[in-house]
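The structure under discussion appears below in the form of structure tokens.
Side chains are part of it too, since the values below use all heavy atoms of this structure and drop only hydrogens, waters and symmetry mates. Counting starts at 1 for both ligands and their atoms, following the listed order.
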Amino acid sequence: MPVIATRSYDPSFQPWWTKRGMTLGMGMTEKQGGTDVRSNMTRAEATGDGYRITGHKWFMSAPMCDAFLVLAQAEAGLTCFFMPRFAPDGSVNAIRFQRLKDKLGNRSNASSEVEFVGAYAQRVGEEGKGIRTIIQMVQLTRQDCAIASAGLMRSGLAHALHHARHRSVFQKHLADQPLMQTVLADMALHVEASVALVMRLCRAFDRTPHDANEAAYMRLLTPAIKYWVCKCAPPFLFEAMECLGGNGYVEEGILARHYREAPVNAIWEGSGNVMCLDVLRALSREADAALAVLQDLAAATRGLPGADEATGFVGNSFRRADSERVARLAVERLALLAATAALNEVAPRQAELFALTRLAAGHGAMYGAVDFDSDDVRALLARALP
Ligand SMILES: Cc1cc2nc3c(=O)[nH]c(=O)nc-3n(C[C@H](O)[C@H](O)[C@H](O)COP(=O)(O)OP(=O)(O)OC[C@H]3O[C@@H](n4cnc5c(N)ncnc54)[C@H](O)[C@@H]3O)c2cc1C
């Protein structure tokens with residue numbers, strides 16, 4: 001653990017026990033299923049000193065890692081394993097990287113296809129409880145996806161604001177044109193809500209070990225927040241890019257790269273529908289705890305435009321026999337409600353504007369399709385880039 005938990009990066013290709021820091025990747029997805037990892041066919045055979053793993057993974061990112069958490073079928077079922085790059089005798093482990101994926105974006109994180117040819121591994125957790133074991137890490141990576149998407153949007157906003165402050169069009173800075181101000185203010189509101197929401201989620205992660213309410217918040221809202229924040233990022237970054245005009249589309253700036261990066265956080269670690277189904281699962285397994293979370297959100301947003309209706313809608317949708325059919329509608333509302341509550345803790349006026357434009361009325365398809373008064377626009381922009 002000390003070698004894993006250290007912050008120092010040691011890029012050398014050496015056995016982990018000789019290194020000052022190590023990195024870990026994970027191998028779950030196979031050709032026949034990423035969501036459905038129960039269909040994994042990679043096999044694990046117990047040997048005297050651990051296990052030998054044989055099989056293929058269709059996606060295994062960060063192949064430079066010193067070890068991987070891998071799912072494979074052992075005698076008692078799907079099990080989680082720790083597979084290091086070097087076997088205990090110091091020989092290079094039988095992990096054969098076959099190809100790197102040619103991806104839309106996310107290019108500085110290589111993603112590989114890989115064959116394990118009797119690769120040495122140690123078991124993590126019980127045999128047959130692989131999903132329950134690895135899900136603890138997956139919860140964290142889902143949180144990380146939401147943080148990263150909020151960060152990408154924040155960066156896009158900063159670039160858009162900076163450009164608008166310095167670019168003159170028709171003898172006036174873009175930042176002083178009323179229509180551009182509305183676009184930027186609406187984007188700033190979106191970012192502020194997203195950041196407040198992911199930080200609220202981080203607080204739940206921190207407090208979960210000692211606080212049952214926070215554990216329930218984390219369980220119910222991690223998939224909802226991952227769903228909403230990550231899926232909002234691509235259209236947001238497109239709008240940020242457009243604020244820079246033609247230069248936004250050119251590779252010399254960062255926005256083209258941000259735009260290519262944006263979709264991946266929604267796709268991996270549980271795609272959109274899978275996140276919605278996970279919210280439903282949390283509701284059916286821990287109904288009382290989930291209801292308490294919803295009641296807390298209702299209390300935290302009481303009096304804000306559209307909040308009561310949204311709470312009622314979410315509660316009713318999840319009680320419906322056909323809840324899966326309307327899950328996207330309900331999960332989006334749940335995330336918006338949670339974002340309003342998180343924003344209300346730190347910026348009540350902004351929370352009111354957010355509720356007004358996202359809960360009370362369905363937001364227009366484009367950023368800036370809102371009716372804010374000029375004081376609110378000024379305040380939103382001043383908060384976004386002081
Ligand atoms: C850049 C990149 C890097 C990756 N790195 C790794 C890695 O390091 N390790 C690893 O293990 N995996 C990795 N993956 C794989 C990724 O986690 C999977 O692609 C993802 O989990 C989706 O699985 P899938 O591709 O099999 O899609 P599928 O499971 O076939 O899903 C396809 C679509 O169906 C939807 N869907 C699934 N089930 C249902 C349902 N019951 N009802 C309704 N809709 C449903 C999903 O939401 C999705 O939109 C990576 C992927 C990418 C793009």
Is [X] in polar range of ligand 1, meaning some N or O pair under 3.5 Å apart?
X      : answer
Thr29  : yes
Trp268 : no
Met28  : yes

query: With backbone taken as N, CA, C and O and side chain as the heavy atoms from C-beta onward, which portion of Lys103 lies under 4.0 Å from ligand 1: side chain, backbone, both, or neither?
result: side chain

statement: With heavy atoms and a 4.0 Å threshold, my read on which part of Met60 contacts ligand 1 is backbone

message: My understanding is that we take every heavy atom of each candidate and find the minimum distance to atom 13 (C) of ligand 1. Doing that for Phe59, Tyr227, Trp58, which one comes out nearest?
response: Phe59

field: Shortest heavy-atom approach to atom 5 (N) of ligand 1 - which of Gly25, Ser61, Ser39, Gly27
entry: Ser61

Write out the residue and atom name of the closest protein heavy atom to [atom], then the distance separating them to 0.1 Å.
atom                    : value
atom 38 (N) of ligand 1 : Thr35 CG2, 3.9 Å
atom 47 (O) of ligand 1 : Ser271 CB, 3.1 Å
atom 36 (N) of ligand 1 : Val274 CG2, 4.2 Å
atom 9 (N) of ligand 1  : Met26 O, 2.8 Å
atom 41 (N) of ligand 1 : Leu277 CD1, 3.4 Å

query: Under 4.0 Å from atom 23 (O) of ligand 1, do we find at least one protein heavy atom?
result: yes

message: Going by a strict under-4.0 Å cutoff (protein heavy atoms only), does atom 32 (C) of ligand 1 have a neighbour on the protein?
response: no

field: Electrostatic pair Glu251:Arg260 at N-O distance under 4.0 angstrom
entry: yes

message: Is the ring pair Trp228/His190 parallel, tilted or perpendicular, if the boundaries are 30 and 60 degrees?
response: tilted

query: Under the ring pair (Phe, Tyr, Trp, His ring centres under 6.0 Å) criterion, do His162 and His166 qualify, and how do the steps go?
result: CA-CA 7 Å; His162 180 74; His166 296 280; 4.6 Å; yes

message: Can you name the atoms of ligand 1, numbered from 1 with element, that are less than 4.0 Å from a heavy atom of Gly34?
response: 21 (O), 23 (O), 24 (P), 26 (O)

message: Return the NE2 to CG distance between His258 and Leu152, rounded to the nearest 0.5 Å.
response: 5.5 Å

task: Considering non-hydrogen atoms only, spot the tightest contact between Asp66 and Met22 and give its length.
output: OD2-CA, 3.2 Å

